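Below, each value reflects all heavy atoms present in this structure, side chains not excepted, and no hydrogens, waters or symmetry copies. In this text, all values refer to a predicted model and were calculated from it rather than measured experimentally.
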Amino acid sequence: MKKLYLIGMLACCFTACKPTFTPDAPSAGNADFSRFMVIGDSYASGFADGSLYHSAQQNSFPAMLAAQFKQVNGGDFKQPLVPGESGLPHPKNVLAIAAGCDGIPSLMPVPDSQWDTAGNHDNISAQGPFNNISTPGLRVADLMFTDYIATLNFLKPGELPYAARFYNDQHYSPLQQVQYTRDAIDPTFFTIWLGFYDVFLYAQAGGTGSAFPPGDPGLTDITPLQLFKTNYDSLVQNMVKNGAKGVLINIPDILDMPYFNTIPVKDNNGNYFKVKDRAVTKNIADDEHFLLEMPIDSLKCAGWGVSTPIPDKWVLTNVSPNTEIDFIRQAIASYNAFIASEADKYGLALVDINSYLKTLDPGILFNGVTYNPKFVEGGAYSLDGLHFTQRGYALVANKVITVINSKYGSTLPLVDVNKYQGILFP
Amino acid sequence: MKRNLLIITLLLSPLLSSAGGFQLNLQGLRQLAMGGGGTGWTWDASTIFYNPGAIGHMDGMQAYAGVIFLSPHTRYVQAPTGNYIADAQSHLYTPFNLYVGGPLKKNNKIGLGLAVYTPFGSGIKWDDDWAGRFIIQEIQLQSIFVQPTFSYNITDKLGLGAGFVYGFGSLLLRQALPVTDANGKEGEAQLKGAAGGFGFNMGLHYRFSDKVQAGISYRSQVNMKVNNGKATFTVPSSLSDQFPNTTFKGGVKLPSVLSVGIGYRPLKALTLQFDINLVNWNSYDSLHFDFAQETSNLKDISQPRLYKSVMAFRIGGNYNFGKIAVMLGGAYDPTPAHKGYISPDLPDANRIVLNGGISYRPVTKLSIIAALEYQLIGTHEDSYDPAGFSGKYQAKAAIPGIGITYNF
């Protein structure tokens with residue numbers, strides 16, 4: 001009798017006592033995610049580590065969104081993937097221990113040694129239509145620009161334009177490609193994340209361009225607000241034309257990015273580096289910024305900043321009347337005010353990614369890992385100091401999902417940020 | 001960008017969050033079968049644990065051995081919606097009890113006892129690649145208490161007893177570190193060490209009549225210290241100087257428990273009992289690990305636990321049918337963890353416990369007792385805010401045990 005009793009108890013332990021519950025299924029709310037279209041620049045393309053490469057594109061934040069959409073009523077999601085891991089147009093950055101000019105080995109980003117570029121130059125538009133037509137380098141200012149590929153979409157002269165890989169007509173303006181794709185896909189849901197390059201190109205040139213260009217902005221200028229408004233509104237109008245719902249994502253504060261905050265303004269002795277600001281030589285101030293792409297060996301070994309002032313193009317200063325930093329801040333603020341009014345006007349969801357990314361300092365905590373905006377160690381930004389790691393993009397995806405859920409009454413689950421690749425250490 | 005400027009800010013903070021909330025109320029089989037109380041009524045030699053003051057009220061010297069089979073099953077699922085499920089790996093734990101003791105002679109005022117038991121323990125092992133791996137992959141905490149005990153009957157009715165407690169045990173903890181090498185392999189931290197501490201257990205027991213007994217007992221806090229633990233880090237080679245293998249000091253303060261119990265025998269065959277435990281978990285307000293070698297990335301760990309003291313209620317009865325007795329009972333055992341501090345290393349929740357058991361006395365001197373506890377812990381959605389981790393948990397445990405007593 002006792003034996004039976006014991007066996008009964010043990011049987012209970014190993015079968016009936018196992019939890020069997022499952023997660024609640026997500027729902028779409030009043031949104032239809034079945035045909036999803038993405039318009040953006042490098043951020044929405046999956047660009048990371050200074051280049052566009054296959055695995056990072058596969059894990060672009062729109063691809064993460066599409067995977068969550070698929071758990072409710074979402075459909076397939078096609079992106080114009082580059083075939084290789086090396087990157088387009090040049091090898092992505094990887095971390096390595098390398099000796100600097102001073103002979104001291106340091107952990108630093110260096111170009112990846114692999115070079116699998118086969119197929120990078122093919123036009124793959126026949127494989128489309130692509131749900132994600134995000135194009136690295138694209139500005140709001142460029143939207144109406146016919147012959148965009150031939151004229152504007154390059155990083156450096158002679159390098160292959162990203163748009164050339166998948167535009168259905170090499171003479172299209174970006175807006176024409178949007179219209180073509182929209183008509184081919186008939187999207188029910190879309191995201192737009194543009195505006196970064198309208199201000200970043202000016203910052204990347206160290207503020208040597210014009211903050212208030214009289215005509216069309218050049219590739220070192222800030223886009224005039226009126227042009228930004230006209231083009232952006234036209235884009236949104238085109239997207240909501242057939243009743244699609246969607247999300248507008250605003251512009252981050254680029255000056256918070258490690259690209260502008262990694263090289264210290266003081267030397268090891270606590271003295272401020274000397275910089276050239278237009279014609280004037282001055283000491284850099286605490287709230288001014290060196291660019292990450294500055295030749296660091298010149299700083300370490302060639303006396304830059306001490307005997308030779310650091311050239312204007314590597315530094316953002318804020319000296320009146322040429323208050324570069326204020327110009328950048330003002331441009332972002334006014335673009336973002338307009339994006340918010342557009343969301344309001346068309347009844348779209350607004351993702352204030354600007355405010356969200358501010359919370360990276362002191363840190364965004366996810367499942368035991370803290371992400372902050374520091375270069376390399378912070379985990380959120382990739383090895384170009386501007387774009388995110390896949391984990392950083394997952395944080396963005398989660399923010400977008402949170403906003404979609406609250407706007408459209410859906411219950412999409414968040415993605416597991418730590419499932420994606422972060423910084424890889426040698 | 002110099003290597004020595006690179007500071008990885010890792011969240012090592014929720015390193016050890018267990019040990020709390022895992023009081024094992026499994027020190028006597030008959031008591032287990034009656035909801036876990038035993039402060040008021042003198043049942044057998046396990047009273048050395050439940051109330052040392054009652055040793056003198058035992059019928060005579062007794063030896064007692066028991067073992068309990070604990071195999072909890074815990075599941076985590078993504079919440080509020082999702083498709084992610086993680087099951088903790090099953091593992092069988094076997095807390096045990098050994099007691100020898102009783103009055104030196106019948107009606108002697110002096111009683112002696114020796115107890116070896118496992119009052120606290122915890123363990124959970126998740127898959128190494130699960131979503132909460134940066135908080136916990138595996139934790140195993142074991143403690144064994146040895147308690148020599150002396151009792152004295154001040155009057156026929158009033159007994160006083162006290163025991164010295166030496167606790168020893170071990171700690172093992174593993175968690176992933178958020179540093180990934182070129183092959184995609186994540187880092188890992190492992191903390192391992194032997195722990196030890198001292199305390200006492202004392203009690204008063206009063207026999208109002210043959211029908212009514214009551215008692216009060218106090219088991220002190222035991223500060224289980226780890227003095228020479230080993231911390232081992234597996235990290236990408238470029239970061240190895242930032243994570244040196246080192247030793248650590250630390251520990252867990254196991255809480256004091258104040259118990260009051262009463263037993264009542266309305267019929268010759270029927271005994272009812274009721275216990276209240278006040279478990280002073282607020283001794284456990286933070287957890288500290290002190291690494292012998294620190295770097296800019298590896299700092300001492302001090303993390304909030306903020307446990308609160310809780311009161312547990314236990315009720316049960318025993319009915320004798322000659323050589324066979326059956327027991328039934330239940331308890332309400334609330335969690336000491338605050339909302340927002342429920343970690344996946346111990347996804348604790350308020351629990352309702354149902355118990356039953358049977359004993360058989362084939363010969364006068366010998367008894368065999370079997371008991372079963374079933375814990376009802378509802379599905380609960382909880383978060384561990386210090387790590388930004390949340391989800392739904394469900395735990396189920398049926399806990400069988402068996403014991404034997406022999407009267408000299």
Note to self: Would you say that B:Ile85 contacts A:Thr22 through its side chain, given a criterion of any heavy-atom pair below 4.5 Å between the two side chains?
What the structure shows: yes
Check: So, do B:Thr81 and A:Gln71 sit near enough that their side-chain heavy atoms are less than 4.5 Å apart?
Finding: no
Which atoms of [X] are under 4.5 Å from chain B, going by heavy atoms: the side chain, the backbone, both sets, or neither?
| X | result |
| --- | --- |
| A:Phe366 | backbone |
| A:Ile364 | neither |
| A:Asp416 | side chain |

Contact part of [X] toward chain A, heavy-atom cut-off under 4.5 Å: side chain, backbone, both or neither?
| X | result |
| --- | --- |
| B:Asn183 | neither |
| B:Glu186 | side chain |
| B:Ala131 | both |

On a heavy-atom basis, which atom in [X] and which in [Y] lie closest, and how many Å separate them?
| X | Y | result |
| --- | --- | --- |
| A:Pro23 | B:Tyr84 | CG-O, 3.6 Å |
| A:Leu414 | B:Gln78 | O-NE2, 2.9 Å |
| B:Tyr393 | A:Phe21 | C-CZ, 3.7 Å |
| B:Gly82 | A:Pro413 | CA-CB, 3.5 Å |
| B:Lys392 | A:Asp24 | NZ-OD2, 3.1 Å |
| B:Ser238 | A:Pro426 | OG-O, 2.8 Å |

Notebook entry, point to check: What distance do B:Arg133 atom CZ and A:Asn418 atom CG have between them, rounded to the nearest 0.5 Å?
Noted result: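 With rounding to 0.5 Å, CZ (B:Arg133) is 5.5 Å from CG (A:Asn418).
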Checklist line | Separation of A:Leu365 CG from B:Tyr384 OH (nearest 0.5 Å) | finding: 10.0 Å
Next item on the list: Before giving the answer on salt bridge (charged side-chain N to carboxylate O under 4.0 Å, His left out), spell out for B:Asp87 and A:Lys18 the whole-Å C-alpha distance, their side-chain angles and the decisive distance to 0.1 Å.
Entry: CA-CA 9 Å; B:Asp87 285 313; A:Lys18 289 199 172 165; over 6 Å; no
Checklist line | Among B:Asp181, B:Val235, B:Thr74, residue most engaged with chain A (heavy-atom pairs, under 4.5 Å) | finding: B:Asp181
